[in-house]
2 protein chains.
Amino acid sequence: MLTITLRQLQYFDALARIGHFGRAAEACFVSQPALTVQIQELENQLGARLVERGRRGAVLTEAGQRIAERTRKLLREAEDLVQSAQASSAPLAGRLRLGIIPTVAPYLLPTLLPFLRQTYPDLELHVRETQTAILLDEVEAARIDVMLAALPIAHPDLESLALFEDRFVLAAPHHHETEGRVVLSEDWLRREPLLLLEEGHCFRDQAIRYCALRQVSSHNTLGASSFATIMRMVANGLGMTLLPEIAVTAEARSEDIRILRLEEPEPSRVLGLLWRRESPRTADIRALAEAISIAQQALAGWSRVP
Amino acid sequence: MLTITLRQLQYFDALARIGHFGRAAEACFVSQPALTVQIQELENQLGARLVERGRRGAVLTEAGQRIAERTRKLLREAEDLVQSAQASSAPLAGRLRLGIIPTVAPYLLPTLLPFLRQTYPDLELHVRETQTAILLDEVEAARIDVMLAALPIAHPDLESLALFEDRFVLAAPHHHETEGRVVLSEDWLRREPLLLLEEGHCFRDQAIRYCALRQVSSHNTLGASSFATIMRMVANGLGMTLLPEIAVTAEARSEDIRILRLEEPEPSRVLGLLWRRESPRTADIRALAEAISIAQQALAGWSRVP
DNA sequence: CGTAATGATAGGAAAATTCAATTTTTGCCA
DNA sequence: TGGCAAAAATTGAATTTTCCTATCATTACG
């Protein structure tokens, strides 16, 4: 008679992911007993033990793992169902949850958000900023609808759309008076350390890969959590950094910083959207892509890159 | 936050299928207001109108149709999830819902059920007897797990497994003293009307197709709802009929009935199981197939077909 | 108009879910 | 072994949800 409930499945999904009754309950914004009871009820309904309770929290049984997999799928589809209903009305109306990587969000959003608010007043955009790996998890679990990150990302269940190319430029202290394109040499790097973001940022990896390609070692990598910090250091003559062009306008205001183009072929990243292939919001997502492109073009227009 | 409930979806699914609040409520074993309220709640949660209420009941809106489709899919998967848990323990344990066509059920079940009860005491078999078309719907909607019917049936979402061949024999009044194989001729059919089951039984269609193949017209087709009725008439000399061999032992007990083999190539049907490709019970279903084959062989051993 | 069919609404009862507080279980370590 | 601490289960009361009966509102049709 199908007596289980979506709530039970949500609790179980949280428990399966987190492996701890108390913390899973917290993640669901309910008390531990509430979650415990629902899990027990689910086990009764299914006639199978799903988790082993032990000193170190909850561990899924074999059956539990199978069920957890189906549960995730079911919850994704339930999400889709709700989204699908919301997508029924106008384009870009209702709630849309967008994830953006930290090396893009602060530069794109100031242009994108006002534009969206004006063009699609019925859109309720939820923005989440984290690193690619976490965003990928969340897209896959239908906790966000679409993410903006650096492509390419190969994933069987995700679809992607490239939006624009974002070149990397060199930000150095103002005493560098070089004209024209710059060559990144080992020699130079020794004099002027390269400051990079902390681990986990894909931009950091891309920068390191570029250095490796240019046969220069990129040690001495501070590990800041934002360009703002790094640029403060650059302005104070503590080193230089690679900066995505999209960030130039915002981060290189100071007269103490000199923005230099790199020799051809210039390094760059391709930014694009990713979403679950089965997402019912594809129409909205394509409209969003359009909006982002417009915002980016406006942004590029103001750039003071030479 | 995913605030809809499976119950709402069940009610909506019933409403979508039935198109009438009162009767849908009845089908869900709740009162009409209960269903109405849940549908309203669902519409609120989704932020979309799903049904047009009118004088002639409820009609789905365009959005409603899309949602109904997703709802069906979701409910199917929820069913699968529950089944999948029940399938975890022993083979053929837990509830298994089997649909059988009426021209098979009464002959196979008396042998099959005791055998299953003995071999798989933990199996809780629910048997449903109806015609192929209805069974197909129910298999597809995951309201039954597997069906036994005459193959071939082509359906993208269903898998099938042929179990055994069931020949057709001729059941005629005892005054027919013919020895050996019989040829079904137009001439004969004029003297002795062919009695058939009512519309909807696939066996009726198969019988008619055989007659057409043999170039004899098969009008005068009473339309009984069971072989029992037909055989009573045959025994009283009111005509003859085609009978599946599986039914011979049960239906041709009377000395007033003569069972005659037909000339080669003998007509027959292939009986087999059908189930949804994604059903989590395939292991159980294959065990069931085994059991049915055994039951059928026992049955064939007792047959008094010449 | 009245009527019959259909869905919506109201009010109270029953069931479920939840929370805070407490107890039991479990594994660990002295 | 016995105490300790973390984790989950249980308890009991409060809250929320769901349901039912009875009634109302709307609509189309004779």
Side-chain angles (χ1 to χ4, degrees), chain A residues 1-61 63-65 67-68 71 75 78 82, chain B residues 1-61 63-65 67-68 71 75 78 82:
Chain A
M1 181 82 275
L2 201 50
T3 51
I4 62 173
T5 69
L6 281 182
R7 178 174 293 162
Q8 286 164 7
L9 294 181
Q10 286 181 92
Y11 289 179
F12 177 57
D13 180 49
L15 181 61
R17 279 188 289 112
I18 296 173
H20 185 290
F21 279 75
R23 283 192 285 278
E26 207 175 328
C28 297
F29 306 106
V30 294
S31 66
Q32 171 257 316
L35 187 129
T36 294
V37 168
Q38 293 298 325
I39 298 292
Q40 287 173 337
E41 187 55 29
L42 182 63
E43 286 183 318
N44 282 344
Q45 305 285 357
L46 296 182
R49 164 154 293 234
L50 300 177
V51 293
E52 293 292 346
R53 284 83 161 161
R55 179 76 181 66
R56 297 248 155 277
V59 183
L60 293 189
T61 63
Q65 291 184 21
I67 300 296
T71 297
L75 291 177
V82 175
Chain B
M1 178 85 272
L2 198 51
T3 52
I4 62 173
T5 68
L6 281 182
R7 180 174 293 160
Q8 284 164 8
L9 294 181
Q10 287 181 90
Y11 289 179
F12 176 58
D13 179 50
L15 180 61
R17 279 187 288 114
I18 296 173
H20 185 288
F21 279 74
R23 282 192 287 277
E26 207 175 331
C28 297
F29 306 107
V30 294
S31 67
Q32 170 258 316
L35 187 130
T36 294
V37 167
Q38 292 297 327
I39 298 292
Q40 287 173 336
E41 188 55 27
L42 183 63
E43 286 183 318
N44 283 344
Q45 305 284 357
L46 297 182
R49 164 151 294 232
L50 301 177
V51 292
E52 293 292 347
R53 284 82 162 163
R55 181 72 182 71
R56 295 250 156 276
V59 184
L60 293 189
T61 64
Q65 290 183 21
I67 300 296
T71 296
L75 292 177
V82 176

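Chain naming here is simple, since letters A, B, ... match the order of the sequence lines and numbering starts at 1 in each.
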From the list Val37(A), Leu35(A), Leu6(A), Thr71(A), side chain to side chain contact (heavy atoms under 4.5 Å, CB included) with Tyr11(A) holds only for Leu35(A)
DNA chain C nearest-nucleotide lookup for Arg53(A) and Thr5(A): closer to the 5′ end is Thr5(A)
Looking at Arg7(A), does any N or O in its side chain come under 4.0 Å of the phosphate oxygens OP1/OP2 on dA16(C)?
no
Phosphate oxygens OP1/OP2 of dA8(C): is one of them under 4.0 Å from a side-chain N or O of Thr36(B)? yes
List the residues meeting side-chain hydrogen bond (donor to acceptor under 3.5 Å, both in side chains) with [X], not counting sequence neighbours, and say none if there are none.
X	value
Thr5(B)	none
Glu41(A)	Gln45(A)
Gln32(A)	Thr36(A)

To the nearest angstrom, how far is [X] atom [atom1] from [N] atom [atom2]?
X	N	atom1	atom2	value
Leu6(B)	dA16(C)	CG	C1'	16 Å
Gln40(A)	dT24(C)	CD	P	16 Å
Asn44(B)	dA8(C)	CG	P	12 Å
Ile39(B)	dA8(C)	CD1	P	9 Å
Ile4(A)	dA16(C)	CD1	C1'	17 Å
Glu41(A)	dA15(C)	CD	C1'	12 Å

When rounded to the nearest 0.5 Å, the distance separating CD of Gln40(B) from CG of Leu50(B) is 11.5 Å
The salt bridge (charged side-chain N to carboxylate O under 4.0 Å, His left out) partners of Arg53(B) (sequence neighbours excluded) come to Glu43(B)
Closest non-hydrogen atoms of Ile39(B) and Phe12(B), given as atom of the first, atom of the second and distance, are CD1-CA, 3.5 Å
Here the pair of heavy atoms bringing Thr61(B) nearest to Gly64(B) is OG1-N, 2.9 Å
Contacted region of DNA chain D by chain B, from 5' end to 3' end of the hits, cut-off under 4.0 Å to heavy atoms, spans dT18(D) to dA28(D)
For a quick test of your reading: what N or O donor-acceptor pairs under 3.5 Å do the side chains of residues 15-27 of chain B make, sequence neighbours left out?
unit_1: Arg17(B); atom_1: NE; unit_2: Asp13(B); atom_2: OD2; d: 3.4
unit_1: His20(B); atom_1: ND1; unit_2: Gly22(B); atom_2: N; d: 3.1
unit_1: His20(B); atom_1: ND1; unit_2: Arg23(B); atom_2: N; d: 3.0

Within residues 9-35 of chain B, the residues having a heavy atom closer than 4.0 Å to DNA chain C are His20(B), Phe21(B), Gly22(B), Gln32(B), Pro33(B)
